[in-house]
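Order of the sequence lines sets the chain letters (A, B, ...), proteins ahead of strands, with each chain counted from 1.
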There are 2 protein chains.
Amino acid sequence: MEFSIGELSRRTGVKVPTIRYYEAAGLMPPAPRSEGGQRRYGRADAERLTFIRHARELGFEPDAIRELLALTAEPDRSCSEVDAIAVRHLRDVERRIASLGRLRDELGRMIAECSHGRVGDCRVIETLGDHQHCISEHGDAREAAPALR
Amino acid sequence: MEFSIGELSRRTGVKVPTIRYYEAAGLMPPAPRSEGGQRRYGRADAERLTFIRHARELGFEPDAIRELLALTAEPDRSCSEVDAIAVRHLRDVERRIASLGRLRDELGRMIAECSHGRVGDCRVIETLGDHQHCISEHGDAREAAPALR
DNA sequence: TCTACGATCTCTAGCGACTAGAGGGTCAAG
DNA sequence: CTTGACCCTCTAGTCGCTAGAGATCGTAGA
């Protein structure tokens, strides 16, 4: 019924150090320990960790996951807050898609204009160095750029 | 003709500490110094920094920017390498858009299925906790997720 | 019961691309 | 020559992990 952190890792696909990190970050509760001080887990932990992993895969941030987990603990509450978190995240993803779309268009245009000659005449290089050049519509590119990864 | 780091910052829109960071990171050359040890810049530096900023806004990574800058220094070379870097980056952006698109669909479905009742019955919560659940088509979601920010 | 070996423990440090602050020195206008 | 805005270096922090060192634990075979 009880199992080790390695077994939990195998069951959920989350790496061992990451599980410990989640505990330190407050996403997972502090695990009870064996006599020798090793963490012991049960079925509920595996479920919680799976929940966390899926939420991460869907791009939810730890803060949002913490909220979702807190809400999960109160099954009788209205799920409108859950909904709100998910919708907020959806909007965020949509914004990112739009921003990347503008990027793609700009890159495409840049590449299309290249005459495949010398570097000195390259439109790609020219566009990048252009002082006038700006892709953002609302000045969000400067914020968005580091986040594009 | 020569100006300070603050002036360079004003001209390019790149923050002062970031300029120093770029120098340390090898994107900007070590700036010549005044008698008192302060960095002095010229027009070429402003252009290079503008180039870097635009490339960053377009999501090019420092490594790619370094390559592009190295190529810019040899105007007589064929710009096919420049092209290759840009195309590679475009593909990357397209992959990211596709991945985010799947995410958006999944989130949308999740939210649509929610009956707006109790947390205990919430499909959003259920979906996240589901062991079977998996959004990736080629197992790339696990890699992509942390990079989505 | 002993031993061997893999698994686990904590702690520290590193990644990338900056950002923020401390504590001090420099520049240029008045 | 003073003032105050600017600049310097250095260290440390951010986030979400990941990687190692060195020590301890758990368990299966002899």
Side-chain angles (χ1 to χ4, degrees), chain A residues 1-28 30-41 45 49 52-66 69 89 92 96 141-149, chain B residues 1-28 30-41 45 49 52-67 69 89 92 141-149:
Chain A
M1 200 59 215
E2 291 202 321
F3 43 85
S4 71
I5 197 168
E7 177 62 23
L8 179 63
S9 169
R10 246 163 277 127
R11 291 190 190 195
T12 60
V14 177
K15 286 181 194 159
V16 169
T18 303
I19 297 173
R20 288 196 276 251
Y21 170 76
Y22 284 163
E23 181 178 317
L27 285 172
M28 289 294 287
R33 304 299 182 110
S34 71
E35 297 217 345
Q38 301 194 352
R39 290 172 181 81
R40 293 296 129 178
Y41 295 97
D45 296 302
L49 190 51
I52 294 169
R53 178 166 76 81
H54 290 162
R56 290 293 296 125
E57 280 176 4
L58 285 171
F60 284 92
E61 312 214 1
D63 274 352
I65 298 177
R66 253 182 290 269
L69 284 167
H89 181 51
D92 199 57
R96 240 141 58 195
R142 208 115 83 242
E143 295 163 42
L148 290 173
R149 277 251 65 206
Chain B
M1 199 63 212
E2 290 202 319
F3 42 86
S4 70
I5 197 169
E7 178 60 24
L8 180 63
S9 169
R10 246 164 276 128
R11 291 190 190 195
T12 59
V14 178
K15 286 180 193 159
V16 168
T18 304
I19 297 173
R20 287 197 276 251
Y21 169 76
Y22 284 163
E23 180 178 319
L27 284 172
M28 288 295 286
R33 304 299 182 110
S34 71
E35 298 218 344
Q38 303 194 353
R39 288 173 181 82
R40 295 293 129 180
Y41 295 97
D45 296 302
L49 190 50
I52 294 169
R53 178 166 77 81
H54 290 161
R56 290 292 296 123
E57 280 176 4
L58 286 171
F60 285 92
E61 312 214 359
D63 275 351
I65 297 177
R66 252 180 290 269
E67 288 181 66
L69 284 167
H89 180 51
D92 199 56
R142 207 116 82 240
E143 294 162 42
L148 289 174
R149 269 260 67 200

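Nearer the 5' end of DNA chain D, as judged by each residue's closest nucleotide, is the contact made by A:Y22, out of A:Y22 and A:E35. Nucleotides of DNA chain C nearest to B:G36 and B:P17 differ in position, and the one nearer the 5' end is that of B:P17. For the pair A:V16 and B:Y21, both in contact range of DNA chain C, the more 5′-proximal nearest nucleotide belongs to A:V16. Taking for each of B:G6 and A:T18 the nucleotide of DNA chain D with the nearest heavy atom, the 5'-most of the two is the partner of B:G6.
Counting to the nearest Å, the P atom of D:dC10 and the CD atom of B:E23 are 12 Å from each other. Atom CZ of B:F60 and atom P of C:dA17 are 14 Å apart (whole Å). Look at CD on A:E57: it is 15 Å from C1' on D:dG16, rounded to the nearest Å. One interatomic measurement links the two molecules: CE of A:M28 to C1' of D:dC17, which rounds to 16 Å at whole-angstrom precision. Rounded to an integer number of Å, the gap from CD1 of A:I19 to C1' of D:dT18 is 14 Å. Across the protein-nucleic acid pair, A:I52 atom CD1 and D:dG16 atom P stand 13 Å apart, rounded to whole Å. What separates OH of A:Y41 from C1' of C:dC9 is a distance of 12 Å, to the nearest Å. Atom CD of B:E2 is separated from atom P of C:dA28 by 11 Å (rounded to the nearest Å).
Note that CE of A:M28 is 9.0 Å distant from CG of A:L69, once rounded to the nearest 0.5 Å.
Taking both residues in full, the closest heavy atoms of A:L27 and A:I52 are given as O-CD1, 3.7 Å, listed atom of the first, atom of the second, then distance. Closest approach of B:I65 and B:R56 over heavy atoms only: CD1-CD, 3.5 Å.
You'll find that the side chain of A:Q38 is closest to C:dT8, out of D:dC7, D:dG16, C:dT8.
Taking only side-chain nitrogens and oxygens, A:S34 comes nearer than 4.0 Å to OP1 or OP2 of D:dG26. Between B:S4 and D:dC6 there is no side-chain polar atom (N or O) within less than 4.0 angstrom of OP1 or OP2. Between A:K15 and D:dC17 there is no side-chain N or O to OP1 or OP2 distance below 4.0 Å. Taking side-chain N and O atoms only, A:R39 has a distance below 4.0 Å to OP1 or OP2 of C:dC9.
B:R33 comes within 4.0 angstrom of sugar-phosphate atoms only, judged by non-hydrogen atoms across all strands, and of no base. Heavy atoms of A:R20 sit under 4.0 angstrom from at least one base atom.
In this structure the side chain of B:R39 never reaches within 4.5 angstrom of the side chain of B:P30, judged on heavy atoms.
One finds no salt bridge joining A:E23 and A:R20 here, because no Lys/Arg side-chain nitrogen approaches an Asp/Glu carboxylate oxygen to under 4.0 Å.
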